[in-house]
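Order of listing sets the numbers, starting from 1, for every ligand and every atom in it.
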Amino acid sequence: MRVLIVGSGGREHALAWKLAQSPHLTKLFCTPGNPGIGNHAELIAAGAGSVSDIADWAKENEIDLVVVGPEIPLAEGIADCLHERGVPVFGPDRKAARIESSKVFAKELMDRHGIPTAEFVVCDTVSQAEEAIRQFTSEGKQVVVKADGLAAGKGAIVTKGRDEALEAVRRVMVDRVFGSAGDRVVIEERLRGPETSILALTDGEHLVVLPPSQDHKPIGEGDTGLNTGGMGAYSPVPLVDDSLLNRIVKTILRPTIRAMKLEGCPYRGTLYAGLMIVNGDPYVIEFNCRFGDPETQAALPVVEEDLLPLLKQSAEGNLGPDRIVNANGTALCVVMASGGYPESYETGKSIEGLENDLGEGIVVFHAGTAMKDGRLVTAGGRVLGVTGVGRDFREAAKRANQGTSQISFDKAYYRHDIGYRVLGVT
Ligand code: AMP
Ligand code: GLY
């Protein structure tokens, strides 16, 4: 199979690394890619990089499967463009991608179909939002203010009291810090409990559930400070045992794909459910229409079986029957970021250490890297994902640590406590 991956981050590097191991692969391409992905795939520029340019390139180059990494091309309809050209694609079409691109769509879908999620109100105006906040807080509840549209993972503002919530609404709806993504907001009850990310491959009917993972969103150790795209992850998640995972399939994943089909937008691709476990019961915090990042950098290294046939079957509508993929060992990914991220940071810093063999069970995924004058340099906020793979979390963490300690760049920052919930350290 000739496969094209769309994207340029750590998630796409993890996908390229995994697909490159498939005996079914004849040639791997990636657009636009990054230098790490370049070790597994031919990097190509498809016209100006628009979704229709990429679809044209895939058609002209006889691609058998396009695997889309990020949400933006999916929300822009890359799958629709590929369907029009008869090119198989792993990922939902534009209508189905609304499960991520519109929080209002996702919440109302869950409401109509009895899928457990936090209580919420959709608000089109500031005064409606103020009223919703008054209602929740008068019941002693805290709220989360969410912009409806895509906001690079920053659109949810968790608040502690009424004033903070009102201020959040003003920032989103009046100051428009997320632009038109904040034209509407969802005001929802703040839930409490551990979170987990579930990645399930689906063809619209059947589900293959990958090992659960746990992201670490805040920038600071001990989960403090600003939220980021994710500073590290591990997989599997001991909290999500077989019985809980089966309940998640039964009460959340299956009802969601059934609901999407019933509503005329059958869902194909990765259904990412971001869940909170509240007193033992799973609730949906968000859906994403793609693989998680950095979750994929921890989940794929513990998947033993070939991923390529699963992606192809999902694209073609013949994935099945439903099943759960068990993790083979454990993996823990530490994200090395540019100092200052998620606010402003510098780029163009020389990255040292990757030329050496870092040791057994260590895989480095590139995210924000570039080649400049023959040198590997930083080119983004999240620069590298260093994944340790081992028999248990202690070994995986030791290996990730062994990896990060051999890599350096100016102002490199990473959390030293990734996995603290399973390692018993803070
Ligand atoms: P989202 O962009 O919806 O994934 O939200 C980002 C983060 O905000 C989540 O990972 C949670 O930590 C937090 N969050 C979102 N919604 C809620 C909620 N209803 N209750 C508590 N925390 C939430
Ligand atoms: N790590 C969170 C996400 O991929 O949305």
ask   = Taking NZ, NE, NH1 and NH2 as the nitrogens, is one of them in Glu188 or Lys146 under 4.0 Å from a carboxylate oxygen of the other?
value = yes
ask   = So, Glu316 and Lys312, do they make that salt bridge, N to O below 4.0 Å?
value =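 Yes, charged N to carboxylate O under 4.0 Å.
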Can you give me the closest heavy-atom contact between [X] and [Y], atom names plus distance?
X	Y	answer
Arg94	Asp80	N-OD1, 2.8 Å
Ala397	Leu423	CB-CD1, 3.7 Å
Ala20	Leu25	CA-CD2, 3.9 Å
Ala16	Leu28	O-CD2, 3.7 Å
Val143	Phe136	CG1-CB, 3.4 Å
Asp203	Leu319	OD2-N, 2.9 Å

Within ligand 2, which atoms have a heavy atom of [X] less than 4.0 Å away?
X	result
Asp215	1 (N), 2 (C)
Gly229	1 (N), 2 (C)
Asn288	5 (O)
Glu295	1 (N), 2 (C), 4 (O)

Should [X] be counted as touching ligand 2, given the test is an N or O pair under 3.5 Å?
X	answer
Phe291	no
Glu286	no
Lys217	no

key: Chi angles and distances behind the ring-ring contact (aromatic ring centres under 6.0 Å, His included) call for Tyr234, Phe393   = CA-CA 8 Å; Tyr234 59 82; Phe393 285 114; 5.3 Å; yes
Name the closest protein heavy atom to [atom], giving the residue it belongs to and the distance to 0.1 Å.
atom	answer
atom 3 (O) of ligand 1	Lys146 NZ, 3.2 Å
atom 1 (P) of ligand 1	Glu286 OE1, 3.6 Å
atom 7 (C) of ligand 1	Asn227 ND2, 4.1 Å
atom 23 (C) of ligand 1	Val144 CG2, 4.0 Å
atom 22 (N) of ligand 1	Met276 CE, 3.7 Å
atom 5 (O) of ligand 2	Arg290 NH2, 2.8 Å
atom 5 (O) of ligand 1	Ala156 CB, 3.3 Å

Where ligand 1 meets Glu195 - atom numbers and elements under 4.0 angstrom, heavy-atom basis = 9 (C), 10 (O), 11 (C), 12 (O)
ask   = Which atoms from ligand 1 have a heavy atom of Val158 less than 4.0 Å away?
value =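 Counting atoms of ligand 1 from 1, those under 4.0 Å from Val158 are 8 (O), 13 (C), 14 (N).
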message = Please work out, at 4.0 Å between heavy atoms, whether the side chain, the backbone, both, or neither of Arg190 comes within that distance of ligand 1.
response = both
task = Answer yes or no: does an N/O atom from Leu191 fall short of 3.5 Å to an N/O atom of ligand 1?
result = yes
key: ligand 1 to Glu188 polar contact by distance, N or O atoms, under 3.5 Å   = yes
task = Please check if the side chain of Ser101 supplies one atom and the backbone of Ala75 the other of a donor-acceptor pair under 3.5 Å.
result =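 Between the backbone of Ala75 and the side chain of Ser101 there is no qualifying donor-acceptor contact (under 3.5 Å).
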query = Can you tell if the side chain of Ile157 reaches within under 4.5 Å of the side chain of Val144, non-hydrogen atoms only?
reply =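 With C-beta onward as the side chain, the pair stays apart.
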message = Contact between ligand 2 and Pro294 is defined here as a heavy atom of the residue under 4.0 Å from a ligand atom; is it met?
response = yes
ask   = Any non-hydrogen atom of Gly292 lying under 4.0 Å from ligand 2?
value =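 Gly292 counts as a contact of ligand 2 under the 4.0 Å cut-off.
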request  = Report the relative orientation of the aromatic rings in His216 and Tyr420; use parallel for angles under 30°, tilted for 30 to 60°, perpendicular for over 60°.
outcome  =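 It falls in the perpendicular class, over 60°.
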inquiry  = Is the positively charged end of Arg290 above the ring of Tyr272, judged by distance under 6.0 angstrom from the centroid and angle within 45° of the axis?
reply    = yes
ask   = Hey, is Glu189 one of the residues with a heavy atom under 4.0 angstrom from ligand 1?
value =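 It does; at least one heavy atom falls under 4.0 Å.
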